[in-house]
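Count residues from 1 along the sequence. As the structure is a computational prediction, the values presented were derived from the model and not from experiment.
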Amino acid sequence: MKQFLMKQTFMKLSTGHPAQLVIGLTVWCVWFVAVYGGLSVACELAAPEPNRGAFNTISLTLIVLTVLTVLWLAWGAWTCWQSTTDEVDSTERQTPFIARVSAGLYAVAALAALIVVWPLLMLPPCL
C-alpha cells in the first residue's frame, strides 16, 4: 500500500515541484551506472569477438536502453517547458521558474546521455 501511494505521489508531481530539479540528473546517474556497470558485467560473462565491430548484442542492448532514457528525459524537458506557457496560478508564483530550470536540467541530462553513449557506436564494447 505504501509503495502504491509513493508511486501515485511521484506520478502527480507538478512541473513546479522542487523535486523536478533533481529527477532528470538522478535518472541520468542511474542510467550511467546501469550502462557502464552492465557493460562491465556483460563483457566479463560473454565478451564478443573484438573483430565483430561495434554492433553486437551488448552494444545494441545498451543503445536501446539509452534511447529509452533519452526519450524519457526529453519528454520531461518538454513537459516542464510546456507548463511554463500555461496560465500561472497566483498561489504558485515559483512554479514557472522551477519548471524552466527543470526543463533545462532534463535537456542537459538527455544531451549528456547522448554524448556519453557515443563510444558505444564507434568502438567494440569489450576492448
Side-chain angles (χ1 to χ4, degrees):
M1 182 68 177
K2 184 178 177 181
Q3 289 182 337
F4 175 76
L5 291 175
M6 289 176 59
K7 183 177 178 183
Q8 291 299 319
T9 302
F10 178 76
M11 293 178 74
K12 290 183 178 180
L13 284 179
S14 70
T15 56
H17 194 280
Q20 297 285 351
L21 296 170
V22 296
I23 290 174
L25 293 177
T26 302
V27 168
W28 180 85
C29 289
V30 170
W31 166 84
F32 186 84
V33 170
V35 165
Y36 282 99
L39 176 66
S40 299
V41 171
C43 285
E44 185 66 29
L45 295 177
E49 295 292 324
N51 58 1
R52 294 184 66 189
F55 293 103
N56 52 51
T57 306
I58 295 172
S59 294
L60 292 178
T61 303
L62 297 177
I63 289 170
V64 168
L65 177 65
T66 301
V67 167
L68 293 175
T69 303
V70 167
L71 288 176
W72 190 85
L73 290 169
W75 174 78
W78 184 80
T79 302
C80 286
W81 187 257
Q82 287 297 315
S83 71
T84 62
T85 60
D86 295 341
E87 290 291 323
V88 178
D89 185 8
S90 62
T91 60
E92 298 181 22
R93 293 261 181 225
Q94 76 277 8
T95 300
F97 174 75
I98 292 175
R100 285 185 188 123
V101 173
S102 298
L105 292 172
Y106 277 111
V108 165
L111 183 64
L114 288 174
I115 291 171
V116 170
V117 80
W118 193 254
L120 290 176
L121 300 173
M122 308 297 271
L123 301 170
C126 304
L127 290 178

Under 4.5 Å side-chain linkage, directly or through intermediates, the cluster mates of Val64: Leu68
Minimal non-hydrogen separation, Gln20 against Thr15, with atom names: CG-O, 3.7 Å
Inter- and intrachain pairs under side-chain hydrogen bond (donor to acceptor under 3.5 Å, both in side chains), touching residues 111-127, at least two apart: none
By side chain to side chain contact (heavy atoms under 4.5 Å, CB included) - contacts of Trp78 (at least two apart): Gln82
Euclidean distance, Leu105 CG relative to Ile98 CD1, rounded to 0.5 Å: 11.5 Å
Pairwise disulfide (SG to SG under 2.5 Å) hits with a residue in residues 32-70, at least two apart: Cys43-Cys126
Check: Cys80 main-chain N/O paired with Ser83 side-chain donor or acceptor under 3.5 Å: yes
Over all atoms of both residues, closest heavy-atom pair of Ala110 and Val70: O-CG2, 3.9 Å
Which donor-acceptor pairs under 3.5 Å do side chains of residues 21-42 form with protein atoms, sequence neighbours excluded?
| residue | atom | partner | partner atom | Å |
| --- | --- | --- | --- | --- |
| Thr26 | OG1 | Val22 | O | 2.6 |
| Trp31 | NE1 | Thr66 | OG1 | 3.1 |
| Tyr36 | OH | Val116 | O | 3.1 |
| Ser40 | OG | Tyr36 | O | 3.0 |

Same cluster (ILVMFWY, side-chain, under 4.5 Å), Leu114 and Leu71: no
Pairs of donor and acceptor atoms involving the side chains of residues 53-63, under 3.5 Å and at least two apart or interchain, shall be tabulated with distances.
| residue | atom | partner | partner atom | Å |
| --- | --- | --- | --- | --- |
| Asn56 | OD1 | Ile58 | N | 3.1 |
| Asn56 | OD1 | Ser59 | N | 3.0 |
| Ser59 | OG | Ala54 | O | 2.8 |
| Thr61 | OG1 | Thr57 | O | 2.7 |

Thr79 vs Trp75 side-chain heavy atoms within contact, under 4.5 Å: yes
